[in-house]
2 protein chains.
Amino acid sequence: MARQPPTKPRKNASQERSRATVDALVEATARILVRDGFEKASTNRIAEVAGVSVGSLYQYFPSKEALVAAVIDRHNEEIMGIVRAALTEVADLPIDKAVRKLVTVAIDAHRINPKLHRVLAEQIPRTGQLRDVEAYNREIQTLVRSYLESRRKEMRKVDLDVATFICVSTIEAIAHNTVLHGAEMLSEKMVKVLADETTRLVVGYLR
Amino acid sequence: MARQPPTKPRKNASQERSRATVDALVEATARILVRDGFEKASTNRIAEVAGVSVGSLYQYFPSKEALVAAVIDRHNEEIMGIVRAALTEVADLPIDKAVRKLVTVAIDAHRINPKLHRVLAEQIPRTGQLRDVEAYNREIQTLVRSYLESRRKEMRKVDLDVATFICVSTIEAIAHNTVLHGAEMLSEKMVKVLADETTRLVVGYLR
DNA sequence: ATGAAAAGCGAGCGAATGCTCACATTATAT
DNA sequence: ATATAATGTGAGCATTCGCTCGCTTTTCAT
C-alpha cells in the first residue's frame, strides 16, 4: 500500500480556521433549509451564504447530502440529549410520573426549532445517507424498553417490545403532530391539555 | 376577453386514446417511484416508461409535480375509500367494536401498496402542490369526530376535538410505523397482536 | 373523401446543479 | 527566511432536467 500522496483526500478539519469553516457551512445549510426550503439549498448557495467558496465546501463535505446529514445530526443530537437526560432523570419514578415527564419532554424537544423540524420532516427525501438516521429511533426504543422493564411490577402482563413500540409511536406521533399542525402558535394551555391527555392514554394502557 | 385561439391550453382528455395515455403516465410514474425512487423520476423517463413522448406528457400534466400529485391522489383515494366505508359501517357500533374495526382497517389500508406508501412517505418533498394533500387527514378527523360525538354517552368527559386528535394520531402512527418498520414481512399474528393492543390503548383512553 | 380538431412526437433549448481543478493564500515547522 | 502542508478560491465542465414547439398521425364529423 503506497502512502497516499500529500494531496488531502478530503475530510478532517484540524486547524481552527477550518473548524470555523465547517461550522459556517452547517449553519448556512440549516438557515437556508429554514428560510428557503430544501430545493433551494444548492451547494453553491450554501457556500455563498457561509461566506466560503464551493471548493472549500467540498474539502469537508463530499456531497450535498453530507451537508444535510450534518444538519439533521446536529438537530437530532440536540433532541437526543434532552431525551436521554429525561430518561435517566425518570429512571426511579413510577410509571405515571415518568410518562408525564416523557410526554412533556417529547413535545418540548419537537419545539426546539420547529421550522427546521418541519423542513426536515416534510421536505428532506430520506434517501441514500439520510436513510438510516432513524437509528435515533432505535436508541429511544431501547432506552424506553429498559425503563419499562424495570417497572414491570406496576404493569399488567404485556409483551415488552410491543408495549414499547406502542408507547414510543404514540408519544412521538402526538408530539410531532402537535408541533406540525399547531405550527408556531401553540398556547401553553393547549400544550398542557395535550400532555395531560397523552399521559392518561399511555398510563391507562400500561396498567 | 378574446377567445383563446384553438390551441389547447393544456389539459383534458376526451377521447379514449388520450385517456389511456393519461393512465399510462400515472401508472408509469407510480412504477418508477416504487422501483427507482423519487429522484430518478424525471419527466423524460416517465414518458419513456409510459411508452409516450414527453410532448404528450405535457399535454395532460403541466409539471412533474402534477404527475406525482396524481399518483398520491390515486393512492389516497384508495385508502380513503376503505376508511370512509369502514366509518359508515361502524356508525352504529359501540366504541370498543368500532375502534377495533378502525384500527384493523387503518393497518390494512397502509398495507395496500406498502412500497408505494413508503416512497410517498419518505421521499416525496411536501412542497408546492404536494403540500395540501393532507386535506385527507382533515376529512378523517371530521368523520371520526362526528362518530365520537354520536357515542358521547359511552365516553368520559373530554374535549371532543382533543380526543379526536389523539385517537387519529395514535392509530395513524401505529399503522404507519407497523407497515414501515415491518416492511413487507409482517406476520398475521403480529398484526393481530398490534391491533389488539392499539384497540385496548384507545378504548381505555376514551372510557 | 375531406377537412378540422385531437392526440402524439421527439430533438433540443435554456437553466440549474453538483462538483472539479489549477491556482492563490495562510499557517506551521525549521 | 524558507519550505511544506493546510486551507481557501471560483470559473467553468459535464450533466441532468423540466419543458417547448414545429410538425406528423389519428380520429371524427360531415
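Numbers restart at 1 for each chain; the letters A, B, ... are given by sequence-line order, proteins then strands.
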- salt bridge (charged side-chain N to carboxylate O under 4.0 Å, His left out) test vs B:R84 passes for just one of B:E77, B:E89, B:E78, namely B:E77
- Between C:dC19, C:dG10, D:dT7, spot the one nearest the side chain of A:Y60, thanks. D:dT7
- Find the distance B:L57:CG to D:dT20:P and express it as a whole number of Å. 11 Å
- Task: Compare the minimum distances between each of D:dG10, C:dG8, D:dG18 and the side chain of B:T43, then state the nucleotide with the smallest one.
- Result: D:dG18
- Which of these nucleotides, C:dC9, C:dA7, C:dC19, is closest to any side-chain atom of B:S56? C:dC9
- Rounding to a whole Å, what distance do you find between A:I32:CD1 and C:dT17:P? 11 Å
- Tell me what B:S42 touches on the nucleic acid: a base, only sugar-phosphate, or nothing, going by heavy atoms under 4.0 Å. sugar-phosphate
- Query: Of the nucleotides C:dG18, D:dC19, C:dC9, which one has an atom closest to the side chain of B:S53?
  - Reply: C:dC9
- Would you kindly give the CG-to-P distance between B:L67 and D:dC17, to the nearest whole Å? 14 Å
- With no hydrogens and no angle check, do the side chains of B:H181 and A:E134 hold a donor and an acceptor under 3.5 Å apart? no
- Query: Taking atom P of C:dA27 as reference, at what distance in whole Å does atom CZ of A:R17 sit?
  - Reply: 5 Å
- Item | Distance, rounded to the nearest Å, where A:R19 contributes CZ and C:dA27 contributes C1' | 13 Å
- Task: Would you name the heavy atoms of B:V71 and B:V26 that are closest together and state the gap between them?
- Result: CG2-O, 3.6 Å
- Query: Has A:K101 got its NZ or CZ under 6.0 Å from the middle of the six-membered ring of A:Y147, at an angle within 45 degrees of the ring axis?
  - Reply: no
- Item | Rounded interatomic separation in angstrom, taking CD1 from B:I46 and P from D:dC17 | 11 Å
- Closest to the A:K64 side chain, choosing from D:dG18, D:dT7, C:dG18: C:dG18
- Message: Looking only at the side chain of A:T21 (C-beta and beyond, no hydrogens), which of the listed nucleotides C:dA7, C:dC19, D:dG8 gets closest?
- Response: D:dG8
- Between A:N44 and A:G51, who's closer to the 5' end of DNA chain D by nearest nucleotide? A:G51
- Task: Nearest whole angstrom, please: distance from the C1' of D:dG18 to the CD of A:E39.
- Result: 12 Å
- Message: Tell me whether A:R151 contacts the main-chain N or O of A:D92 through its side chain, where contact means a donor paired with an acceptor under 3.5 Å.
- Response: yes
- Whole-Å distance separating the CD atom of B:Q59 from the P atom of D:dG22: 14 Å
